[in-house]
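Single-structure report; data block below.
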Amino acid sequence: MTLMNYGSTTYIYGTSKLALKYRDDKLNELIGEYINKNQEFSFSQLCNYVLSEADKHNMLDKEPNTSYSQILLTHHDVVRICKILWERIWSKEVMILFNTPQDYIHRNEETYFIVSK
């Protein structure tokens, strides 16, 4: 990670892991919104959506007057998302898609889910 100061703004180059400011219930709502819009999704797609929405709504724990070149979720927040997905699997709202179709372009270790309505 490289820090550069230009005037009153600090620029952080490289990857920064930032915490979400969402409470669990609000994070659950956000994930529910995503699931309602998508019949199939990967875990990384869901995490990217959460990260994008959090950034858009100022729900990332950023330093004041700081610009970040790349932001990732913290391990703690990834585990929170996993727990919410697990609850939705147990309630039969979503299920794990074990056999991904050949036309999916995915990473070898990617996990996909399908909405089971």
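Index from 1, following the sequence. From a predicted model like this one, the values you see are computed outputs, not experimental measurements.
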Short side-chain to backbone donor-acceptor contact, [X] and [Y], under 3.5 Å:
| X | Y | result |
| --- | --- | --- |
| Asn28 | Asp24 | no |
| Thr9 | Thr66 | no |
| Glu29 | Lys26 | no |
| Thr15 | Gln70 | no |

Legend entry - Residue that, paired with Thr111, satisfies side chain to side chain contact (heavy atoms under 4.5 Å, CB included) out of Leu46, Leu85, Leu97, Ile96: Ile96

Return the minimal non-hydrogen interatomic distance between [X] and [Y], and the atom names on each side.
| X | Y | value |
| --- | --- | --- |
| Ser69 | Tyr13 | OG-CA, 3.3 Å |
| Arg80 | Leu20 | NH1-CB, 4.1 Å |
| Ser116 | Lys92 | OG-O, 2.6 Å |
| Ile35 | Glu93 | CG2-OE2, 3.8 Å |

Inset, instruction - Considering only NZ, NE, NH1 and NH2 on the basic side and carboxylate oxygens on the acidic side, decide whether Asp77 and Lys17 come within less than 4.0 Å. - result: no

How many angstroms lie between atom [atom1] of [X] and atom [atom2] of [Y], to the nearest 0.5 angstrom?
| X | Y | atom1 | atom2 | result |
| --- | --- | --- | --- | --- |
| Lys62 | Lys21 | NZ | NZ | 9.5 Å |
| Thr10 | Glu63 | OG1 | CD | 9.0 Å |
| Ser16 | Leu72 | OG | CG | 8.5 Å |

Legend entry - Pairs touching residues 46-80 that satisfy ring-ring contact (aromatic ring centres under 6.0 Å, His included), sequence neighbours left out: Tyr34-Tyr49

Inset, instruction - Under the side chain to side chain contact (heavy atoms under 4.5 Å, CB included) rule, collect the residues that match up with Leu51, sequence neighbours excluded. - result: Leu60, Ile71, Leu73

Is there a path of hydrophobic side-chain contacts, each under 4.5 Å between heavy atoms of I/L/V/M/F/W/Y residues, joining [Y] to [X]?
| X | Y | result |
| --- | --- | --- |
| Trp90 | Ile84 | yes |
| Met95 | Ile81 | no |
| Phe113 | Val79 | no |

Legend entry - Val94/Ile114 under side chain to side chain contact (heavy atoms under 4.5 Å, CB included): CA gap, chis, key distance, verdict: CA-CA 6 Å; Val94 296; Ile114 188 167; over 6 Å; no

Inset, instruction - Just jot down the salt bridge (Lys or Arg N to Asp or Glu O under 4.0 Å) partners of Lys37, sequence neighbours excluded, or say none. - result: none

